[in-house]
**Student:** 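So that we are looking at the same thing, I have put the structure below in structure tokens.
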Amino acid sequence: MRLSRYFLPVARETPADAQIVSHRLMLRAGLIRQTAAGIYAWLPIGLRVLKQIEQVVREEQDRAGAVELLMPTLQSADLWRQSGRYDAYGPEMLRIRDRHDRDMLYGPTNEEMITALFRDSAKSYRDLPRILYHIQWKFRDEVRPRFGVMRGREFLMKDAYSFDLDEAGLRASYEAMFVAYLRTFARLGLTAVPVKAPTGPIGGDLSHEFHILADTGESALFYDAAIEDVSRDELLAADASTIARLTGLYAMEEEEHARIADCPVPAERLRSRRGIEVGHIFAFGTKYSAAMGLSVQTREGEQVHPQMGSYGIGVSRLVGAIVEASHDDNGIVWPEAVAPFRVGLVNMRVDDGSVTSAAEEIYGRLSDAGVATLYDDRDERGGAKFATMDLVGLPWQLIVGPKGLERGTVELKRRATGERDELSVESALARLTA
Ligand code: 5CA
């Protein structure tokens with residue numbers, strides 16, 4: 001992508017209304033713009049990050065055996081009357097009336113809709129188990145939307161729903177999703193702490209939240225320091241034993257922790273930190289299947305209500321959480337897995353024919369090799385170009401200038417460490433296309 005043709009409105013000054021660093025950097029680096037309270041437009045470079053995260057989430061859902069579909073954002077109130085949640089949900093639900101005076105709503109979650117869809121086609125034990133998911137926008141009219149996309153009113157969620165014949169099946173689905181979550185967050189370069197959670201309005205009795213540790217997180221956590229020793233490789237290879245190990249370690253939200261008289265963790269191992277909730281999973285049994293009349297026939301010919309669970313990941317919130325976990329004084333430092341482009345190619349002198357032809361050739365070769373490249377071909381000072389590249393945080397910067405070219409070299413800078421190498425064009429390309 002040529003920066004001269006891109007839409008990347010970066011800002012040098014700190015936005016006055018943004019209180020936390022991820023919100024400030026997402027505005028400054030041109031990822032998002034607020035269009036109404038708690039509602040954001042995703043600008044091109046922000047959208048690329050959102051899509052990358054969505055793809056990692058999707059791959060891990062698919063790997064766990066979940067099946068993707070897409071449900072609409074608008075739902076009929078009747079659906080929610082069947083579960084009894086239409087009145088119970090309260091003012092967080094955005095209620096809409098259509099031209100025929102029918103009550104509609106913008107979905108805050110999809111338990112009702114998926115239960116109805118499944119009810120209309122699942123007849124017997126052969127239709128189970130199933131895990132269905134979608135990645136779709138939600139709306140919750142939050143009392144206090146804040147911190148940018150962290151607590152928005154409109155936000156992107158991956159929500160999965162499992163249907164099993166019995167409790168043992170539900171436990172297996174819950175574990176499959178648990179593993180998918182550990183792998184997803186590890187692939188995104190994040191350390192997520194699973195915390196046993198109260199279930200709230202979704203209902204049910206088994207629930208875990210997944211938190212990214214960050215000083216600006218909205219939740220206060222207490223946990224066993226041993227959780228920090230779990231390695232990335234272990235998370236990527238997670239199985240039932242990893243879950244047993246992790247859930248065996250103490251981790252609670254402050255409110256729950258305060259209720260526990262004898263904390264089982266010795267004081268020197270008890271950590272108190274803040275966390276950003278990026279995922280939440282629930283096993284709620286027959287709550288919706290019973291209320292909404294979903295039943296299937298067992299092998300023995302009995303009718304039973306399937307055991308269900310739901311599994312959410314805050315996809316748009318993750319963009320903020322990753323920036324919160326990965327930035328420095330100069331800007332964002334994207335982990336490779338979610339970077340909007342892998343390389344930022346900087347032409348130091350667009351008015352110099354030999355620099356420009358070298359830069360154009362490099363750009364062509366990177367593009368041909370399938371390396372996502374943002375090419376700064378604008379007529380700007382070098383200093384401004386460097387500042388923009390650091391701010392937007394692409395993993396690699398490749399700098400093409402007249403002095404280097406005289407020696408036959410370009411400069412390759414690694415954003416995360418600031419390390420710079422002077423290399424021949426060929427060896428720089430070899431590194432970036434490897
Ligand atoms: N139906 C269940 C699971 S599918 C559910 O809705 N769970 S939830 O309420 O916990 O939301 C799932 C995830 O969405 C949360 O863990 C959080 O990461 C994200 N999320 C929730 N509210 C917001 C919000 N206002 N802004 C951004 N992300 C949010």
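Remember, predicted model here, so these are calculated numbers, not experimental data. In listed order, ligands and their atoms are each counted from 1.
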**Student:** List ligand 1 atoms under 4.0 Å from G279, heavy atoms only on the residue side.
**Tutor:** 16 (O)
**Student:** Among E92, E277, E142, which residue satisfies the salt bridge (charged side-chain N to carboxylate O under 4.0 Å, His left out) criterion with R151?
**Tutor:** E142
**Student:** Could a heavy atom of S316 be found less than 4.0 Å from some atom of ligand 1?
**Tutor:** no
**Student:** Under 4.0 Å, heavy atoms only, figure out whether ligand 1 is touched by the backbone of R317, its side chain, both or neither.
**Tutor:** side chain
**Student:** Please determine whether any non-hydrogen atom of K158 lies less than 4.0 Å from an atom of ligand 1.
**Tutor:** no
**Student:** Only heavy atoms of E111, strictly under 4.0 Å: list the atoms of ligand 1 that pass.
**Tutor:** 1 (N), 2 (C)
**Student:** Using the rule given for side-chain contact (heavy atoms from CB on, under 4.5 Å), can you reason through K413 versus F386, listing the C-alpha separation, both sets of side-chain angles and the distance that settles it, and then say yes or no?
**Tutor:** CA-CA 11 Å; K413 175 179 156 184; F386 290 145; over 6 Å; no
**Student:** With nothing but distance in play, are any N or O atoms of D159 less than 3.5 Å from an N or O of ligand 1?
**Tutor:** no
**Student:** Give the minimum heavy-atom separation between L221 and E253, together with the two atoms involved.
**Tutor:** CD2-CG, 4.0 Å
**Student:** Could you establish whether I276 and ligand 1 come within less than 4.0 Å of each other, counting only heavy atoms on the residue side?
**Tutor:** no
**Student:** Minimum heavy-atom separation for I281 and Y181, please, with both atom names.
**Tutor:** CG2-CE2, 3.6 Å
**Student:** Is the closest basic N to carboxylate O distance between R2 and D376 below 4.0 Å?
**Tutor:** no
**Student:** Could you see which bit of R140 sits under 4.0 Å from ligand 1, with heavy atoms only: side chain, backbone, both or neither?
**Tutor:** side chain
**Student:** Taking N or O atoms only and a 3.5 Å limit, does G152 qualify as a polar contact for ligand 1?
**Tutor:** yes
**Student:** Any salt bridge linking R58 with E54? Criterion: basic side-chain nitrogen under 4.0 Å from a carboxylate oxygen.
**Tutor:** yes
**Student:** Within the 4.0 Å heavy-atom shell around V149, which atoms of ligand 1 are there?
**Tutor:** 27 (C)
**Student:** Between D239 and R183, does any side-chain N to carboxylate O distance fall below 4.0 Å?
**Tutor:** no
**Student:** Which pair of non-hydrogen atoms, one from T14 and one from R28, has the smallest distance, and what is that distance?
**Tutor:** CA-CD, 4.2 Å
**Student:** Using heavy atoms and a threshold below 4.0 Å, how should the contact between V278 and ligand 1 be classified: side chain, backbone, both, or neither?
**Tutor:** backbone
**Student:** Restricting to non-hydrogen atoms, name the atom on P129 and the atom on D164 that form the minimum distance, rounded to 0.1 Å.
**Tutor:** CB-OD1, 3.1 Å
**Student:** Run the salt-bridge test on D103 and R81 with the 4.0 Å N-O cut-off and return the result as yes or no.
**Tutor:** yes
**Student:** Within the structure, is a non-hydrogen atom of F282 found at a distance of less than 4.0 Å from ligand 1?
**Tutor:** yes
**Student:** Select one of side chain, backbone, both or neither to describe which atoms of Y311 lie under 4.0 Å from any atom of ligand 1, heavy atoms only.
**Tutor:** backbone
**Student:** Please identify which atoms of ligand 1 are closer than 4.0 Å to at least one heavy atom of H280.
**Tutor:** 10 (O), 16 (O)
**Student:** One residue to check: R153. Relative to ligand 1, which of side chain, backbone, both or neither has a non-hydrogen atom less than 4.0 Å away?
**Tutor:** neither
